[in-house]
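Note that the structure is predicted; figures quoted are calculated from it, not measured.
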Amino acid sequence: MKRTAIFFGPEKGSVNRVADMIRDLIGADKVEMVPVKKATAADFDRFDQIIFGISTVGKETWDGKPAKTDWGIFLPEVSKGNYTGKKVAIFGLGDHITYAASFVDFIGLLAGELQKAGARIYGQVSTEGYEFEDSEALIDGLFAGLPLDEDFEPEKTPERIKNWMALLQRDFIF
């Protein structure tokens with residue numbers, strides 16, 4: 001069996017809740033939950049399959065200030081990882097109403113860092129069914145991962161996760 005982890009942050013909020021939903025679909029005994037605020041690049045070595053769960057990019061990103069958030073601290077670790085032979089996927093939370101012009105941009109930022117480090121990313125999602133103006137998460141017309149809006153579309157989350165997991169199961173072994 002492939003060793004699978006969900007690296008997520010922050011804890012105790014929407015990202016954590018969604019990570020738990022994904023864990024439950026995979027099977028709690030088949031996945032390790034890794035809060036990013038406690039993780040390093042060395043932790044990647046223990047896993048064959050990695051799912052990253054992130055929150056939306058905050059105001060500090062646009063202001064150019066160093067983020068003190070879990071992901072702001074952890075993001076440099078991503079570029080240090082060895083992704084040879086690993087399968088990687090991303091889900092990200094965003095707000096398609098308030099931040100329609102930058103919807104789930106952090107999926108794109110994380111995907112870019114992962115690709116620079118040699119990772120192959122699985123689980124790209126069509127823009128069909130999403131309302132937004134623009135997003136840095138788009139690569140060749142697809143989201144680089146699963147976008148979710150827990151603020152304005154929480155009722156769509158379970159079905160979107162279910163569909164994404166079916167997509168991932170083409171390549172991931174759970």
Side-chain angles (χ1 to χ4, degrees), residues 2-61 66-78 81 86-99 102-111 113-114 119 121-125 130 132 135-137 143-169 172 174:
K2 300 283 185 180
R3 294 181 40 92
T4 304
I6 300 175
F7 283 78
F8 70 98
E11 292 179 277
K12 301 179 183 172
S14 297
V15 174
N16 197 156
R17 189 172 52 255
V18 170
D20 288 346
M21 292 170 73
I22 293 169
R23 176 205 58 211
D24 292 346
L25 283 173
I26 294 170
D29 60 327
K30 298 178 184 174
V31 65
E32 185 173 330
M33 302 293 282
V34 182
V36 297
K37 76 177 187 179
K38 301 172 185 169
T40 68
D43 291 317
F44 301 148
D45 295 339
R46 299 184 294 130
F47 303 101
D48 304 300
Q49 303 175 141
I50 300 170
I51 298 172
F52 290 101
I54 58 175
S55 57
T56 191
V57 173
K59 182 180 180 303
E60 68 278 351
T61 302
K68 301 280 192 236
T69 64
D70 295 357
W71 271 98
I73 295 165
F74 179 70
L75 190 59
E77 293 295 308
V78 170
K86 297 184 187 305
K87 295 183 178 172
V88 177
I90 305 168
F91 72 87
L93 276 56
D95 173 341
H96 83 283
I97 302 290
T98 310
Y99 301 107
S102 56
F103 181 56
V104 295
D105 277 355
F106 203 29
I107 290 176
L109 176 66
L110 179 56
E113 291 299 311
L114 286 162
I121 301 169
Y122 296 82
Q124 290 80 10
V125 173
Y130 289 91
F132 65 100
S135 177
E136 295 293 320
F143 287 111
L146 173 65
L148 300 166
D149 185 341
E150 287 292 278
D151 293 328
F152 294 102
E153 297 180 327
E155 73 284 356
K156 294 182 179 183
T157 296
E159 185 70 19
R160 285 177 171 168
I161 291 172
K162 180 181 163 195
N163 292 339
W164 189 60
M165 294 305 296
L167 178 65
L168 284 183
Q169 286 182 324
F172 281 54
F174 298 119

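- Remark: the backbone N or O of Phe103 is not paired with any side-chain donor or acceptor of Tyr130 at under 3.5 angstrom.
- Residues Ile121 and Ala144 come closest through the heavy atom pair CG2-O, 3.5 Å.
- The CD atom of Gln124 sits 10.0 Å away from the CH2 atom of Trp164 when rounded to the nearest 0.5 Å.
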I'd like to know whether Ile26 forms a side chain to side chain contact (heavy atoms under 4.5 Å, CB included) with Met165, so could you lay out the CA-CA distance, the side-chain angles of the two residues, the decisive distance to 0.1 Å, and finally the verdict. CA-CA 8 Å; Ile26 294 170; Met165 294 305 296; 3.4 Å; yes
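- No donor-acceptor pair under 3.5 Å is formed between the side chain of Trp71 and the backbone N or O of Val36.
- Listed by chain and number, the residues in a salt bridge (Lys or Arg N to Asp or Glu O under 4.0 Å) with Lys162 amount to none (sequence neighbours excluded).
- Not counting sequence neighbours, the partners of Glu77 by the side-chain hydrogen bond (donor to acceptor under 3.5 Å, both in side chains) test are Lys80.
- Summarising the geometry, atom CD belonging to Gln49 is positioned 10.0 Å from atom NZ belonging to Lys86; distances are rounded to the nearest 0.5 Å.
- Here the closest heavy-atom approach between residue Ala41 and residue Gly81 is recorded as CB-N, 4.1 Å.
- When side chains are defined from C-beta on, Phe174 does not count as touching Val31, because their heavy atoms never get closer than 4.5 Å.
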For Ile90 and Leu114, what are the C-alpha separation, side-chain angles and deciding distance, and is it a side chain to side chain contact (heavy atoms under 4.5 Å, CB included)? CA-CA 10 Å; Ile90 305 168; Leu114 286 162; 3.8 Å; yes
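- The distance from atom CZ of Phe172 to atom CD1 of Ile51, rounded to the nearest 0.5 Å, is 5.5 Å.
- In plain terms, the two heavy atoms of Ala39 and Val34 that are nearest each other are CB-CG1, 3.8 Å.
- Screening Val18, Val104, Asp70, Val15 for a side chain to side chain contact (heavy atoms under 4.5 Å, CB included) with Ser55, the sole residue that qualifies is Val15.
- Ion pairing between a basic and an acidic side chain is recognised when a charged N comes within 4.0 Å of a carboxylate O; Arg23 and Asp20 show such pairing.
- Using the six-membered ring where Trp is involved, Phe74 and Phe44 have ring planes that are perpendicular, over 60° apart on the 30 and 60° scheme.
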I would like to know whether Phe52 and Phe106 meet ring-ring contact (aromatic ring centres under 6.0 Å, His included); could you show each step before the answer? CA-CA 11 Å; Phe52 290 101; Phe106 203 29; over 10 Å; no
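- A donor-acceptor pair shorter than 3.5 Å cannot be found between the side chains of Thr157 and Arg160.
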Side chain to side chain contact (heavy atoms under 4.5 Å, CB included) for Thr98 and Phe152? Distances and angles first, verdict last. CA-CA 10 Å; Thr98 310; Phe152 294 102; 4.1 Å; yes
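- Note that CD1 of Ile54 is 5.0 Å distant from CG of Leu110, once rounded to the nearest 0.5 Å.
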Assess the residue pair Asn163 and Val125 against the criterion (side chain to side chain contact (heavy atoms under 4.5 Å, CB included)); give the C-alpha distance rounded to whole Å, side-chain angles, the decisive distance to 0.1 Å, and a yes or no. CA-CA 10 Å; Asn163 292 339; Val125 173; over 6 Å; no
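- Across Pro158 and Glu155, no two heavy atoms sit closer than the pair CD-O, 3.7 Å.
- Applying the side-chain hydrogen bond (donor to acceptor under 3.5 Å, both in side chains) test to residues at least two apart or on different chains, the pairs with a partner in residues 31-46 are Glu32-Arg46.
- For the pair Phe8 and Pro10, the tightest heavy-atom approach, listed with the atom from each and the gap, is CD1-O, 4.1 Å.
- With rounding to the nearest 0.5 Å, the separation of CD1 in Ile107 from CG in Leu109 is 11.0 Å.
- To the nearest 0.5 Å, atoms CG (Asn16) and CG (Leu93) are separated by 11.0 Å.
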